[in-house]
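A quick write-up on the structure given underneath.
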2 protein chains.
Amino acid sequence: MSHTPGVRQAQKQQTRRALLDAALRLLEHQSLSSLGLREVTREVGISPAAFYRHFRDTGELGTALVEESFGSLHGMLRAIRAEQAGPDEVIRRSVEVTAHYVRLHRAHFRFLARERHGGVRSVRNAVDAGFRLFGEELAADLAAQPGYRGWSRDDIRMLADLFVDLMVATAAALLEAPPDDPQAEERIVDTARRRMRLISLGRQHWLDP
Amino acid sequence: MSHTPGVRQAQKQQTRRALLDAALRLLEHQSLSSLGLREVTREVGISPAAFYRHFRDTGELGTALVEESFGSLHGMLRAIRAEQAGPDEVIRRSVEVTAHYVRLHRAHFRFLARERHGGVRSVRNAVDAGFRLFGEELAADLAAQPGYRGWSRDDIRMLADLFVDLMVATAAALLEAPPDDPQAEERIVDTARRRMRLISLGRQHWLDP
DNA sequence: AGTTTCGGAGAACAGTTGTTCACTGACGGA
DNA sequence: TCCGTCAGTGAACAACTGTTCTCCGAAACT
């Protein structure tokens with residue numbers, strides 16, 4: 001019996017996933033540059049040599065994690081896009097969406113926050129490129145909205161990148177807070193909301209004088 | 001001859017400085033958690049065992065670097081405070097001051113940006129505490145200014161922390177750009193200026209309706 | 001069916017790591 | 001001047017690292 005032609009590939013991707021998950025688990029308490037190849041395989045329960053069947057080195061594993069993490073982030077972008085509302089309404093809601101996604105994908109967010117300025121150049125560049133793309137897409141979304149009539153392309157981009165940076169900042173703050181302390185979390189979210197309100201005000205008066 | 005009573009201590013502090021400088025040099029291309037004790041002593045040119053005369057481990061060296069780095073940052077705070085001007089003028093000028101200090105203390109800024117979310121908990125906490133203090137001091141400065149009459153303590157703090165986060169973000173962006181490309185640098189500074197203008201507008205209308 | 005492909009095991013390798021130890025020799029107080 | 005202090009040495013240690021190699025067995029192809 002059995003010539004179903006996908007068993008091999010499925011098993012391979014299964015241990016690949018196990019490697020990624022193990023790495024993600026270990027990376028909650030350390031940074032990529034200190035993550036050992038043997039450490040990861042030990043966590044998974046396979047031999048060190050098997051690692052090379054999937055990645056050239058831990059750096060390559062890192063870039064794979066970057067792509068995966070930005071997958072989670074794009075879900076966030078779609079969620080924000082889905083809320084059809086005025087510009088200021090969207091801005092306020094984006095804080096809630098951020099908090100929600102941080103709770104959902106803690107490990108991914110932590111990884112991005114940590115490796116954005118981390119010690120592995122290739123990964124750092126990948127993260128940077130990802131955020132740049134994210135900013136571009138957000139800017140395109142904003143440009144399509146009414147309420148940004150009269151805004152220059154550069155100014156929209158500036159605003160989008162500002163949102164991205166603040167999202168990262170609040171996400172990082174949420175990650176630093178204990179995951180089961182809703183009070184600390186609420187304090188952070190509340191501050192983030194006020195930040196967004198201030199930026200909303202700036203946005204409304206951008207074309208004023 | 002010789003009974004000048006400070007030679008010993010001076011020599012000790014000299015190699016301590018050498019250790020800190022060597023570490024700072026190495027940390028431009030890697031993160032603290034991957035920094036080896038032997039690596040640092042090799043760079044300085046002393047035996048590995050000598051390291052223990054100064055620090056218990058690389059983590060302790062890290063916290064020492066945190067304090068030192070915040071020394072540079074406080075110079076920045078004083079420079080901004082020195083400029084006696086209106087609130088919006090100060091906000092705009094702070095971008096220039098930031099860029100200036102990043103150019104002056106590249107290694108320190110990079111270290112803080114990297115280890116703020118890095119893999120060594122004790123250092124991460126030290127960096128966080130430092131930024132918190134920095135935010136508090138900035139908030140106190142703002143509160144003393146006219147133009148913040150009617151602002152709640154919390155809102156001033158929110159604004160101060162917002163400045164800090166944005167300063168870190170622009171500093172990180174400047175660090176990512178090549179150090180000898182004034183054009184790329186100018187683009188980043190220009191974006192930062194527009195960000196600040198937008199926040200300035202939000203600030204002006206904070207108490208409006 | 002027989003044969004090739006390939007993910008994984010296990011052992012071996014040369015290096016490197018952090019930490020300890022007894023030591024040396026210049027400093028610094030008596 | 002003598003003597004204690006102490007920053008730095010150099011060797012030794014067990015533990016660990018990344019990488020390479022040959023081999024195995026099950027899946028896939030013909």
Side-chain angles (χ1 to χ4, degrees), chain A residues 1-23 25-27 29-65 115 118-123, chain B residues 1-23 25-27 29-65 115 118-123:
Chain A
M1 54 176 161
S2 85
H3 62 103
T4 14
V7 178
R8 208 121 213 217
Q9 199 175 349
Q11 280 177 341
K12 177 166 186 181
Q13 274 187 331
Q14 189 176 330
T15 73
R16 188 188 139 99
R17 259 257 60 85
L19 283 168
L20 291 169
D21 287 339
R25 220 174 305 134
L26 292 167
L27 285 172
H29 300 289
Q30 53 186 316
S31 57
L32 183 65
S33 58
S34 76
L35 183 71
L37 177 156
R38 289 183 108 104
E39 214 177 342
V40 182
T41 58
R42 200 184 309 128
E43 176 88 359
V44 173
I46 63 177
S47 89
F51 183 92
Y52 294 101
R53 305 288 182 193
H54 302 273
F55 307 102
R56 201 181 309 278
D57 50 34
T58 52
E60 197 170 295
L61 186 152
T63 42
L65 284 178
E115 300 305 328
V120 184
R121 176 181 291 274
S122 62
V123 172
Chain B
M1 55 178 159
S2 86
H3 62 103
T4 13
V7 177
R8 206 106 209 229
Q9 198 175 348
Q11 280 177 340
K12 177 167 185 180
Q13 273 186 331
Q14 189 176 330
T15 75
R16 187 189 140 100
R17 258 257 61 84
L19 284 168
L20 291 169
D21 287 339
R25 221 173 304 133
L26 293 167
L27 285 172
H29 300 289
Q30 53 187 311
S31 58
L32 184 65
S33 58
S34 75
L35 183 71
L37 177 156
R38 290 182 107 105
E39 214 177 342
V40 182
T41 58
R42 199 184 309 129
E43 176 89 359
V44 173
I46 62 177
S47 91
F51 183 91
Y52 295 101
R53 304 289 181 194
H54 302 272
F55 307 103
R56 200 182 310 277
D57 50 35
T58 52
E60 196 171 295
L61 186 153
T63 41
L65 283 177
E115 301 306 327
V120 184
R121 175 181 292 273
S122 62
V123 172

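Just so it is clear: chains get the letters A, B, ... in the order the sequence lines come, proteins before strands, and each one is counted from 1.
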What is the distance, to the nearest angstrom, from the [atom1] atom on [X] to the [atom2] atom on [N]?
X	N	atom1	atom2	result
Leu37(B)	dT16(C)	CG	C1'	13 Å
Gln13(A)	dG8(C)	CD	P	12 Å
Gln9(A)	dC6(C)	CD	C1'	13 Å
Leu35(B)	dG18(C)	CG	C1'	13 Å
Phe51(A)	dC21(D)	CZ	C1'	19 Å
Gln14(B)	dA7(D)	CD	P	14 Å
Arg16(A)	dC6(C)	CZ	P	17 Å
Lys12(A)	dC6(C)	NZ	C1'	8 Å

Review point. Can you find a side chain N or O atom of Thr15(A) that sits less than 4.0 Å from OP1 or OP2 on dG7(C)?
Key: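 No, no such contact exists.
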According to a strict under-4.0 Å criterion, is Tyr52(B) in side-chain N/O contact with OP1 or OP2 of dT19(C)? yes
query: Got a donor-acceptor contact below 3.5 angstrom from the Glu115(A) side chain to the Leu32(A) backbone?
result: yes
Picking from dT19(C), dA9(C), dT9(D), the nucleotide nearest the side-chain atoms of Pro48(B) would be dT19(C)
Where the side chain of Ala49(B) is defined as all heavy atoms beyond and including C-beta, which of dG10(C), dT19(C), dT20(C) is the nearest nucleotide?
->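 Shortest atom-to-atom distance from the side chain points to dT20(C).
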key: Student check: side-chain heavy atoms of Leu61(B) and Leu37(B) closer than 4.5 Å   = no
Closest non-hydrogen atoms of Glu39(A) and Ser34(A), given as atom of the first, atom of the second and distance, are OE1-O, 3.8 Å
Query raised in the report: At what distance, to the nearest 0.5 angstrom, does OG1 of Thr63(A) lie from CZ of Phe55(A)?
Result: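 The distance works out to 8.0 Å.
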Can you confirm whether more than 12 heavy atoms, excluding those of Arg17(B), are under 6.0 Å from its CZ atom?
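Yes.
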So what does Arg42(B) touch, heavy atoms closer than 4.0 Å: a base, only the sugar-phosphate, or nothing? sugar-phosphate
| request: Classify the side chain of Arg8(B) and the base of dA7(D) as holding, or not holding, a donor-acceptor pair under 3.5 Å. | output: no
Please tell me which of Arg53(A) and Arg38(A) maps to the more 5' nucleotide of DNA chain C, matching each residue to the nucleotide holding its nearest heavy atom.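 By nearest-heavy-atom nucleotide position, the 5'-most residue is Arg53(A).
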